[in-house]
There are 2 protein chains.
Amino acid sequence: MHILLVEDDAQLGSAIERALERLGYTVSWLRDGRSALNAIRDRSADLVLLDLGLPGRDGIDVLVEARRARIDTPVLVMTARDGLSARVDGLDAGADDYLIKPFHVEELAARIRSLSRRMRGLAVNCIEVGALSLDLGSSEVLFRGQPVELTRREFALLQALMESAGRLVRRESLENSLYGLDHVVGNNALEVLVHALRSKLSFETIRNVRGFGYMIPRDPQ
Amino acid sequence: MHILLVEDDAQLGSAIERALERLGYTVSWLRDGRSALNAIRDRSADLVLLDLGLPGRDGIDVLVEARRARIDTPVLVMTARDGLSARVDGLDAGADDYLIKPFHVEELAARIRSLSRRMRGLAVNCIEVGALSLDLGSSEVLFRGQPVELTRREFALLQALMESAGRLVRRESLENSLYGLDHVVGNNALEVLVHALRSKLSFETIRNVRGFGYMIPRDPQ
DNA sequence: GCCCCACTTAAGCGTTTCATAAGCCATCCG
DNA sequence: CGGATGGCTTATGAAACGCTTAAGTGGGGC
């Protein structure tokens, strides 16, 4: 998940950036409203962490402009404790949640998690591994940038594998998540499915571990 | 943002109240039509979430009275699935959108966000995609510049698809927003509806993605 | 009360998808 | 080297899916 951090204070900004990266997010840190707005318009970020204490009314303006452009990327605003009106303005302007400075990193992490949980199923929700990108929202799959048409079962299999990319997924566990616990399914269905998926992607993307299961390597080396 | 919740059921009311507060809104929860009407007249709320299942025709009356008093606070109406007539009355009486009980909290949140975005956007109640233009205020639909007569359901379907134009909308999600959560509804009502809509527009505008759902392409190429 | 309209249900049909089966290939043991 | 096991590949019939048309249902307007 990619987070756009908009914060003009150097010290605070770098602290937040480091904290977010430690939590496993990728971060773009921008210092001013103008470049922030451009970045938001690109829709490259999955979440925006916006400081409302920017010089001028920059922070609010960014938000208002973005919402006017019908960009509904979730926005989490940060305000000073005394900035009650700013906070209210922020929510009015279309923020999804707010944090009061100063805050604990745990608080920030919790808000981000809650927000990403909330937007799941509504906005884009991508898993990316190597040359593969899988969008759970639109059910679209890209392989080396090209869209690939998958059936429901193929999609489910790919999702299961990509969700634990780099790790082996036991055959049994795959069968469960594809067909449910009632194993009425014949013992060869999975192989057929794997084959179909491989021929739509490439034969190297899905690796078999004899006797155990399958995996998608995280580093395609 | 302050939301006025009008709901007589204690359990449901407190559940919705908690959910809204978790989403960062402040909530006033009122149980009956009379006090609701007073509160609406104060114009203290930014949005009203109104249950039409109040005893008597209280719910509708509140709405009609409020609109008669020229109060244009957005109203999101909640109705039971079987209360089709109540729903129609609700929209006729001046509701801005409706939800069918029971609903997911995410659905409620999405509607509230969409509504608040809509009212913020300088009364731009239009969604435009390709040759399609849908006016949420007047419920008018234009296709290639020509007005098209749609029924309520067709309109709701088109709205759902256009609100996420360019993205796939899962069949399940469409069924939820059209019929509510308890899909007691027959399993091909949606297909019939899609067919009706396609034949009023064109057969290319709505694309099916087998096994997943439907979408309206943002770029008709 | 009657008719009309919107809507759901039902049924038929073509297409796609999927599980099964059956044969082939690779790897692992002796 | 050869059997055995596990995985790969391909073909096929059945089931699922979606489209379409037609018939049934129930509410609102007259």
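In the text below, chain A, chain B and the rest are named by the order of the sequence lines, each starting its count at 1. Only heavy atoms go into these numbers, but all of them, side chains included; no hydrogens, no water, no symmetry mates.
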Enquirer: Using a 4.5 Å cut-off on heavy atoms from C-beta on, say whether the side chain of A:I206 contacts that of A:I216.
Expert: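 Touching, per the 4.5 Å side-chain cut-off.
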Enquirer: Could you tell me whether the side chain of A:D46 and the main chain of A:H2 form a donor-acceptor pair under 3.5 Å?
Expert: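 Yes; at least one donor-acceptor contact below 3.5 Å.
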Enquirer: Calculate the interatomic distance between A:L174 atom CG and C:dA19 atom C1'; express it in whole Å.
Expert: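 So the two atoms are 17 Å apart, to the nearest Å.
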Enquirer: What is the distance, rounded to the nearest whole Å, between atom CD of B:E149 and atom P of C:dC7?
Expert: 13 Å
Enquirer: Ignoring hydrogens and angles, tell me if any N or O in the side chain of B:D96 forms a donor-acceptor pair with the backbone of B:V75 under 3.5 Å.
Expert: yes
Enquirer: Search all heavy atoms of A:F143 against all heavy atoms of A:T205 and return the closest pair with its distance.
Expert: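 Closest approach of A:F143 to A:T205: CE1-CG2, 3.6 Å.
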Enquirer: Kindly determine whether B:R34 and B:D8 satisfy salt bridge (charged side-chain N to carboxylate O under 4.0 Å, His left out), including the steps that lead there.
Expert: CA-CA 12 Å; B:R34 176 176 316 227; B:D8 61 330; over 6 Å; no
Enquirer: Go through B:L161 and B:L174 one step at a time and tell me if the side-chain contact (heavy atoms from CB on, under 4.5 Å) criterion holds.
Expert: CA-CA 8 Å; B:L161 287 173; B:L174 284 175; 4.2 Å; yes
Enquirer: Using a 4.0 Å cut-off on protein heavy atoms (strictly under), produce a 5'-to-3' string for nucleotides 11-19 of chain D with B for base contact, S for backbone-only sugar-phosphate contact, and - for none.
Expert: -----SBBS
Enquirer: Nearest-Å distance, CZ (B:R153) to P (C:dC5)?
Expert: 19 Å
Enquirer: Nearest-Å distance, CZ (A:R207) to P (C:dT27)?
Expert: 14 Å
Enquirer: Nearest nucleotide by nearest heavy atom, which residue falls closer to the 5' end of DNA chain C, B:L193 or A:T151?
Expert: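 Mapping each residue to its closest nucleotide by heavy atoms, the 5'-most match is B:L193.
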Enquirer: Among residues 154-162 of chain A, which residues get a heavy atom nearer than 4.0 Å to DNA chain D?
Expert: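 None, since no heavy atom is under 4.0 Å.
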Enquirer: Can you check the A:E172 CD to D:dG6 C1' distance for me, whole Å?
Expert: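 Rounded to whole Å, this separation is 16 Å.
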Enquirer: With sequence neighbours left out, what residues match B:R171 under salt bridge (charged side-chain N to carboxylate O under 4.0 Å, His left out)?
Expert: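 With sequence neighbours excluded, B:R171 shows a salt bridge (charged side-chain N to carboxylate O under 4.0 Å, His left out) to B:E175, B:E191, given in chain and number order.
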Enquirer: Taking salt bridge (charged side-chain N to carboxylate O under 4.0 Å, His left out) as the test, write out the residues that go with B:R43, two or more places apart.
Expert: none
Enquirer: Wobble G-U and Watson-Crick pairs count when both distances are under 3.5 Å; given that, what is the 5' to 3' dot-bracket string of DNA chain D, with | for pairing to other strands?
Expert: ||||||||||||||||||||||||||||||
Enquirer: I need the CG-P distance between A:L178 and C:dT17, as an integer number of Å.
Expert: 16 Å
Enquirer: In whole angstroms, how far is the P atom of C:dC7 from the CG atom of B:L190?
Expert: 13 Å
Enquirer: Please tell me if the side chains of B:L52 and B:Y98 come closer than 4.5 Å, counting only heavy atoms from C-beta onward.
Expert: no
Enquirer: Can you tell me the distance, in whole Å, between the OH atom of A:Y179 and the P atom of C:dC18?
Expert: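 For the pair A:Y179 OH and C:dC18 P, the rounded distance is 9 Å.
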Enquirer: For B:L12 and B:D9, work out which heavy atoms get closest and say how close.
Expert: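 Closest pair (atom of B:L12, atom of B:D9, distance): N-OD1, 2.7 Å.
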Enquirer: Run the side-chain contact (heavy atoms from CB on, under 4.5 Å) test against A:E149 and tell me which residues pass, sequence neighbours left out.
Expert: none
